[in-house]
Structures are given as structure tokens and as C-alpha cells.
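The chains referred to below are lettered A, B, ... by the order of the sequence lines, with proteins before strands, and numbering in each begins at 1.
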Amino acid sequence: MNSTIAQLKTRFEQALVSAFGTGYAGTDPMLVPASNPKFGDYQSNVALSLAKPLGQPPRAIAEQLVQHLDISDFCEPATIAGPGFINLAWKSDYLEAELRKMQTDTRLGVDMVKASKRVIVDFSSPNIAKEMHVGHLRSTIIGDSIARILEFQGHDVLRLNHVGDWGTQFGMLITYLREVAPQVLTTADAVDLGDLVAFYKKAKQRFDEDELFKEASRQEVVKLQSGDEESRRAWELLCEQSRREFQIIYDRLDIHLNERGESFYNPLLPGVVEDLERAGLLVEDNGAKCVFLEGFTNKDGNPLPLIIQKSDGGYNYATTDLAAIRYRINQDEAERLVYVTDAGQANHFAQVFQVARRAGWLPDTVEVIHVPFGLVKGEDGKKLKTRSGETVRLRDLLDEAIARAHFDLEVRLKEEHRQETTEFIDHVAQTVGVGAVKYADLSQNRTSDYVFSYDKMLALQGNTAPYMLYAYVRIQGISRKGGIDFNNLTVETAPIAELSSPPSAKPDSSNAIEHTLIELPPAGTAASQFGLNWQPLLTTVLANWKSIALTGLGIYGSIIFIQALLGLFHGINSVPLAQPLFELVGIWATVQFAMKRLLFARDRAELFAEFQAFWHGTVDQLAETADLNSNRPVVALLPKSASLPDIAPLHHTLEPVTLEALPISLQEETELALAKHLLQLNHILSTVETDLLPNRLCQYLFELSQKFNQFYDRCPVLQADEPLRTSRLVLCDLTARTLKLGLSLLGIPVLERM
RNA sequence: GGGCUCUUAGCUCAGUGGAUAGAGCAAUCGCCUUCUAAGCGAUCGGUCACAGGUUCGAAUCCUGUAGAGCCCGCCA
């Protein structure tokens, strides 16, 4: 559809020239999506902006423009509205053709970029001396999603984990450990990471309070950075230990990235200083080597320095970042450098980028961009902390989300009288919990602070991961129920009732739900004289005796009430046929009431399934009598967890058709709305590519789920007649594939059932 | 003192110079004999912080004011 919009633009440009002369060649037709569906799908605002230069009323301009406009191959005739808006609406046969193209495309119509770029996404970047905590959440999730989106568009992405494994913090830690627990520096895993974090905190405290300790720490950094054997060994042990811990978190989040920590750039640091000196940018101030910045001033209004080398000879993170920029441009040959870090570092990056630019290290062909994000706040509006005021560990945060998802799921299973395996429940809770954490983060505009709330992110309604996962599950429900293989859609002719054929079951690939063969008793055995198993029915009756008794009382009461009414209106008895009519109405109302009570007392689906089983049994028995199916057991492939057999799908005679010929017809309003939305995926992804705002994709997926649910509500799929049935199945399939793709670009897997 | 970001419905937030500023949650009211109601529909809710300016047109761009958050010489 992107190419169509490009074509529309060209047509408008041509019309502008033929209407108003070559002076208007290259005028932007100002094509934008319609601000309101009632105005159509697209609109041009160009007539309004030309009012002044042309000296004509905008409506008149719009009319002339429309006369010269030929867009009949994909749009309805353009209309002029309001002060001079030109409104456009897609033709439905154009939309149908586009959907057909999308259906056959594994990329769902999303273009590969024409000029693939080498992009570095620098994200996550935890500090080696600490455990991963809530502060790393956003960088990790947002960075991963950005990387996934750029990769999908065909860019060559290098995901870099710029871990904090260098600098003063290590000086502090090593100095402190040497004092209190020297074995940690020489023996692998002498303490666990939690203790290391405790040591780090104490070291930091000492560093802030004790001048002597501070000096020793700085000396330690210099030793480490100059390659001292013993310091180096201690450092390696510490890094190795926390690296393993990080990996556990990354595995849980399904995030892959290449570690290239600050230490990697250590050998390049002297070169940075030399080259800055050569460029004449370096100034010595109080013993430190600095670059004075343009546009940054201190309290007295003097230029602020960026410290490149400290007075003790050590280097700062600014130096490392400068070295990294050079390496990434020269050795990695990256054309776009994306830094996903918190908004608090905006100054730092602006400064570093400025110095790199002034030093001539940043060619015009390279884009460096800081992608900032806001703080994670608690529901009290302050920085998120545990109840005891500690920083929240990432593993605890994920555990909590999963535990809550687990609890919610079990409550619901109980309410719905569903039985599921532990594996199923764990898998769903895991996916929903982690997905909810990711989605909540990504769905918010990253630039603002974000309020973390388990209740909101796990809510089943609203713009949340569970809502979207549910929309996907609904579609899988359709395919299961109808035995639909979306990969192999065919147009089906009139159904033939062939009830005893084994049902085809769709393999459950992403979910790995266990299936098991359930052998039903052969038709005609004593256990099922009429194919009906009495035992569960008896259990039902016993379990629901209260409801049944109430129903009975209701029926009896109704009869008495009707009789009383009839008595009251005794006179009417003389009217012919009045009495039987009243009785009929009474009985009908009573039956309705009874049905309703019964149906609430017992899950409808199960009752329906029992009825089906009864029906099957009867048909089998009849078939056996006719010697068509003798001694053939009924075998059904079912999820292990299913308590009752699924209903065998109707089998149809199949007439394969080419995908291009798949009937797609968009008639209902919800079908059209869904179709139009599906076709916007490509456009949305290209906006995310430039703005690096994954919340745009979230918004799109949420609206897609809403539009699907509206469609689902109003348009029966499986019960529809052909060719409408297949047309709707195509819409279902495209929605499912779009959701799956979209969520995967956010780093969230889908579920087949939940 | 300087810099950056922000201020939109009761709450959490979208919003790309364009028509009557949108969602979700909460509240109120409907819709299950129908593919999972974890759904759908309806109602209620606005001085887009404030004041100027630019523009045919401003929540959006510019200036100022007020408020909030973050950052600011040898931590990263």
C-alpha cells in the first residue's frame, strides 16, 4: 500500500501541474490519512495551502484539481468537503486485490528496505558489579524491539551490550574485596552475586566517605587499565560470574546480544587523547585533559569541559564512548549508531557527539542517535523501589509478573470449570507474565516516565499483552473448531455429513501442548446403548441438585401461577381457542426459564459436546446397523487436557484453488475496517524505523485486535456460507499472522490457547 | 545559575500544522442457546498548564511565565 500512496502522490502532482501550470510542479499534495473515518481513507490538504498563492478560494482550487485527477484504478471519485479538503476512499476491489497479495506474501506486504544499512543498536548495558535491576528493564526491552524491527526490515543489525566492566567502580570493588574477602579475587565463585552486590554497596559507601580509600580505588583503576596481572585476574573472575547471571535473565526474556563492554575499548583510549590533541581540541585544566564544549556552560557562564583524561591518568566513560564511536564507524563500518539509554544521559551523549563531530570523526553519511527513555516509577509516582526501599531486581520483577499471571489464570480456570495440565498453566503464565511486562513498557511513548503497575499490565482488557494474545487465541480457536489449515485454504463446496471420520487436528507448534489419543468405546457396547454415557450426566445432576430443584420449583410455581391467571380470566374461557393459547404461552415461557437455568448450571459447551457425543453414538450405531462401520472404534486426537471429546469437524469435498483466486469480499463494515487496518502494517513499520518509537507498533496491534474483535462479534466465520466463509477465514488468517509478526517484533511470543 | 524533557478527561496515556482533540481504565447501562464474554455496544467525562506570537488553519511551530522530573569537572 506504500507504493500506492506514492502513486497517488504522483497523480496529484500531475494534476497540480495540469490545473495550475508548471510553476506548481513538485508541490507537496499533503496527502495524509483521513482524520476521521467518515471522511474516507485518505485526504489531501493541498487546496487550503494554495489559497494564498493562487488567490482563489480553496474549494474552487480543490474542484479544479479533482477535475484533472485520475485515480479511478484504486479510489472512488474524490469528494470535496469542508473548507476545501479533498477526500479519498479506497475501492473495495482494490482492497480485495491488496489483501490477496498480502495473503500470498510471507512478509505480509512489508517491504524490505531498498538500501540496507549497517546499524548498531547499543542497549541493555548493565553494570558488571551489580545485578540486573529495574533500571535495565527499559533499555533491554526497547532496544531489543528496535533491533528486531530494523532486522526485519532488512538492515544489518549489530546488537551490542556495552556492559559496565571498567572504570572506578571496579577500582572500588577490587580495593574493598582485597581488604575484606581476598579469596573472591583469586577463586571462581567464592561468593554469590548477591554478596558481590552487597560488597559493592559497602565499597561505594567507603569511596564516598574515606579519602584514603578513594585514592586507593583510583590507583587500582589505573593498575587495571594499564594491564596489571593480578588486578586483571580478579577482574576476569568478577566479570565471568555476573555474565552468567545476566544470561539467565536474557534467556528468560529471549534476548540475544553481543557483549562488548567498556573494557574492549581500553587499548584505544590513548589514541583518542592523542588525536584530540592533534586536532587542537584538548586543553589541560587543573591537571585534567578536557575538551571545552560549545553551548554548555557552568554556573558562572563559562564553557563546560568534557574530561577526556583525569589528572590521575585514568579515563572516563566519555573517553570510552568516543573510542567506541570511532571503532563502530571505522572497524564495524556502521552507518547508524543507536544508543538506547535513559533520558538522564541526554547531556552526556550530546557532549560526546559534539566532540566527535568537531574532531571530524563523524562523517555526514553516519547518523548517531540517542534514543532516550524515561524513568520507571512506582504507583506512588516515585522511582520504583521495593517495600523496603531497595532497588527492584529484574528477576524478582519477572517472577512477580509470572506469579500474578499464574494466579489469575487459575482463578479463571476454576470459574470456567476447565482442567488444564501444569505444563499448560506454567507455559501460559510465563508467556503472559513476561509478555505483559514487555508490552506495558513498549506501549508507552518511551520519552516519558512510565508508571509500573502489575495490575494494569496484566489486565485482560485494554491496551495490554493479554488482550492481544486473546485476540490471537480466538483465531486459533476458529481454526481448531473448524479443522482449518490456514496454510492451505481452499474453497469448500457443500458439506457432506460424514460424522464418524477422524477429525484433523492442527499441530500446536508454538505451544507444544501435549496431544493424546483418546479411544472412545466402540459404538453399540453396553456402556453406550445409544452412544450416551450416563455417568457424567448423573454426576452433573448430583452436583447441581440445588439448581435442578430450584428449576423444578420454578416450573411448578409457574404452572400454579398460570392456572391462577386462567382462573382470574375465567371469562375469557368462553372465547374459542383462548385457553389453549394461554397454556402454550405459559409452557413456552416456562421452558425458556428452565433452559436458561439449566444452561447456567452446567457449562453450555460441555452440554453441547455431550449432545454431540450422543448424536455421534446414535449415528455410529445406525451406521453399524447398516454394516458400514462395523467394529471401527471412534478415535479422536485431542489435547490431553480436554475433558470431553471435541466435536468432529464436518468434512467437505475440497476443490483446490490458487491463492490468487481466493474469494475475498468485503461487505460488512467491520470486514472493511479490519481489511484497511491490516493493509497499514507496512506503513506503520516504516514510521517506527525512522522514529524508533515501538509504541506506534503497539498502538497499531491494539487497534487491530479491537477491529478483529468487532468483526468476530458481528461476522460468523465457520457458519457463514461459501464463498463468504473462505473470505472471512482469509481475514482471520491475515489478522493472526499480523498479530504474530507484530508481537514477535516486540519480542513477545503468541499462544495457541490460553 | 545553565541544559534537557515534560504539563492533554477522575486515573494511565495516544495524538504526524488540518475538519467536532482520541484510546484504555474507573463509573453507569445494555448484550451470552451462537467460532473462548479474557469479548462487543452505549452513556458520562476537555480552559490540550497559562499568556502572547507565526499561520488561511496551532494540542502540535516560536517566545515568555508557572509547575514537575532529570542532568551539570575528574562515577557510569
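Note on ring orientation: taking the six-membered ring where Trp is involved, the planes of A:Tyr176 and A:Phe213 are perpendicular (angle over 60°, cut-offs 30° and 60°).
Along RNA chain B, the nucleotide closest to A:Tyr317 and the one closest to A:Leu375 are compared, and the more 5′ of them pairs with A:Leu375. Nearest-nucleotide positions on RNA chain B place A:Thr687 closer to the 5' end than the other of A:Ala288 and A:Thr687.
Side-chain N/O atoms of A:Asn316 include one lying less than 4.0 angstrom from OP1 or OP2 on B:A76. Side-chain nitrogen and oxygen atoms of A:Gln345 include none within less than 4.0 Å of the OP1 or OP2 phosphate oxygen of B:C4.
Residue side chain A:Phe702 fails the stacking definition with respect to B:A23, as its ring centre and the base's six-membered ring centre are not both under 5.5 angstrom apart and under 30 degrees in plane angle. A distance cut-off of 5.5 Å between ring centres, combined with a plane angle under 30°, places A:Phe39 in a stacking arrangement with the base of B:A19.
No donor-acceptor distance shorter than 3.5 angstrom exists from the side chain of A:Arg446 to the backbone of A:Leu693, with no hydrogens or angles considered.
Taking atom C1' in both B:A58 and B:A26, one finds a spacing of 32 Å when rounded to whole Å. Using atom C1' as the reference point in both B:A68 and B:U8, the two lie 15 Å apart (nearest Å).
Atom CG of A:Asp208 and atom P of B:A76 are 13 Å apart (whole Å).
Shown here, B:C72 is classed anti by the O4'-C1'-N9-C4 or O4'-C1'-N1-C2 angle, which is more than 90° from 0.
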